[in-house]
Amino acid sequence: MSSVVHLANNYIYIASFTLFLIGFSILLLNSNLIKKIIGMNIMDTSVFLLFISQGYIKGRKAPILEGGGSVNPAEYVNPVPSALILTGIVVAVSVTAFLLALTVKLYNLYGTVDMDEIIEIRRSVDGNS
Amino acid sequence: METVRNFPVLIIYIFFIGSFIQPLVRNVRISLLLTVAISAVSSAASAAVVYYVRTNGDFLFDVAPWSAPWGIELSIGTLEAFVIAVICSVGTLISIYGIGMVEKEIPARNIKIYNALFLALLGSMTGIAATGDIFNMYVFIEITSITACGIISVKDDKKSIEATVKYLVYSSLASGCILLAIALLYGITGNLNIRYIHHHLTEVMYLYPRNVLLASCLIIVGFGLKAAMFPLHFWLPDAHSSAPTTSSAVLSALVLKAYSVGLIKILTGVFGIVVMSLLPLKTILMYLGSGAVLIGSLLAMTQSRIKRMLAYSSVVQMGYIFLALSLFNRTGFTGALFQILNHALTKTLLFLSAGNIKYYTGKESIEQLKGIGYRMPVTMAVFSVGALSMVGLPMTSGFNSKWYIGYGAIEAGKIGVLIVIVISSLLNAAYYLPVVVSAFFRRPSPGDEIQQPVNLPWFTSVPMIVMAVLIIVLGLYPDPVINFISGAAKIF
């Protein structure tokens, strides 16, 4: 029973690890490049969720200051993870953009976005020459 | 003298500013010369950093007006200063060689993009080495992976695009692992600064043993995949052999080193010696390193094309670094750092020679190299120096790195590691020496008559000769470098 409670208390870890493994396996095992890119985004998002949830403190407000006056830090959640994840999202977007651009290039060269098919086409071309 | 404290961050700035002004330059020649100038300035600055660290010891530098643990901090010690100097100086030599070769291999429309990516890559590698903040390191790692993939795909042919996709997919897998590890460490310590994480980790690691174990595994897998640690090296041969010559040299000589330095910084800085000895990291590194130097050598032997053979040889040489790290003593660590310098110089030299051979004679496979020493005497002479250094013959720098790793193995009482090193040296000889022998002592195959020697332009031959001379000088007088880097080994 205690282990179930322990697991239930750490539901954030379980959720983000499940997402991480789903994304990881799609990125590693699927041969379709578009699906690979989707998998990569799922994987990155799972880590972002884990990061953000670690900065959340129950019952506190988002760290946005309204007006002047004194600031009581105990009212707000930890803003550092949100700031970091902003950077993380930018990184994930740029890698996605680069991979998509390469996918377009590969599609123009081979007429398919499936990595296995591309390798097969290359093999048959190499065999003939 | 205190101004030198600003130099590490200035080096990063210089590289990135140089990268951003590249698209504004009209003339391709000027763009190439600008790359050389920027790398040369950074090399001079990195030399000053080495001198400063040597006289005044390690120092910390706050990048923004917020001090640690909130702001980003650069921590420059012996290891960092040494690696920054290696990256900047080898980068300069490669960019000088690039004046002649880049225009011949990369389509004209992509040359400025190549230069911009090259400078950004050098800057981000400097960042990985210099930073003292683990999330900042992640950002630099991502910039390094994107630009490293970029300098392969600038060649813009089928093979290089395909290799880039493969490389980028595995790179992003590794980045995901590293980011998850950082999230786990942040969750239990509440810090991102390496010194502070280490401080808190020694207190809380007994409360969260699973988090620490999982984070260390993810760090090993993530950095191992990026630094081509056996058996996670499968993406490397394609990526390194299909890239343009200068890119192959940078990827093999510097990018792998930057990731392995990131791994060293996290293992020794974040986890520290005490935590590391509680985790089974030592054994894992030892088995993977041994596998790399033995099986990597066997794989290199089966290759018929010279660039692929050099790429597999990089897996072997990275294996020596991991093997040396697993020894966990001062001598072994010194050997690992010396191997970083040795491999950076030697593999650059070998890739540049292979690029010369391919451009001037159109030959790629080892079989065709018979008698090529008469046609390209300078190239093959420096290639031989590099090959002997990879095998580890005395009077070359490769001998000294193997000497220190082997000596460290004896000090650690691991005779098995010593035997592995000796066997792998023999295997290295088995695939490097036939190239040298057939280049100088075999008759060219019929229909391939002896032709006039090729005249290399000075910017192609000078960097190669400089590297060959450095390899021999480091083989004969390694003491200044060894004295300096053994300062970094004091943590053990």
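In what follows, every chain begins at residue 1, and chains take the letters A, B, ... in the order their sequences are listed. Keep in mind it's a predicted model, so treat the numbers as computed, not measured.
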Residue selection (most heavy-atom pairs with chain B, distance under 4.5 Å) from A/I118, A/L99, A/L109, A/L84: A/L84

Max heavy-atom pair count under 4.5 Å with chain B, selected residue of A/L106, A/L50, A/I37, A/T103: A/L106

If you draw a 6.0 Å radius around [atom1] in [X], do more than 12 non-hydrogen atoms from other residues or ligands fall strictly inside?
X      : atom1 : value
A/Y76  : OH    : yes
B/E367 : CD    : no
B/Y13  : OH    : no

Shortest non-hydrogen contact from A/D44 toward B/G176: OD1-CA, 4.4 Å

Structural part of A/L27 lying under 4.5 Å from a heavy atom of chain B: both

Part of A/L33 within contact of chain B (heavy atom distance under 4.5 Å): side chain

Is it the backbone or the side chain of [X] that comes under 4.5 Å from a heavy atom of chain A, or both, or neither?
X      : answer
B/I188 : neither
B/L179 : both
B/L192 : side chain
B/S153 : side chain
B/D238 : neither

Any residue meeting side-chain hydrogen bond (donor to acceptor under 3.5 Å, both in side chains) with A/N78, in chain and number order, not counting sequence neighbours: B/Y186

Spatial distance of atom CG (B/L168) from atom CZ (A/F98) [nearest 0.5 Å]: 6.0 Å

Value rounded to 0.5 Å, distance of CG in B/D156 from NZ in A/K105: 3.5 Å

Is the closest side-chain heavy-atom distance between [X] and [Y] below 4.5 Å?
X      : Y      : value
B/Y138 : A/T87  : no
B/L214 : A/F17  : yes
A/M115 : B/V169 : no
A/V80  : B/F135 : no

Pair A/Y110-B/I161, side-chain contact (heavy atoms from CB on, under 4.5 Å): steps then yes or no: CA-CA 11 Å; A/Y110 291 97; B/I161 300 277; over 6 Å; no

Heavy-atom pair count under 4.5 Å with chain A, highest-scoring of B/G190, B/C177, B/S175, B/S145: B/C177

Partners meeting salt bridge (Lys or Arg N to Asp or Glu O under 4.0 Å) with B/K158 (sequence neighbours left out): none

Evaluation steps, side-chain contact (heavy atoms from CB on, under 4.5 Å), between A/K36 and B/V165: CA-CA 11 Å; A/K36 265 188 200 290; B/V165 169; over 6 Å; no

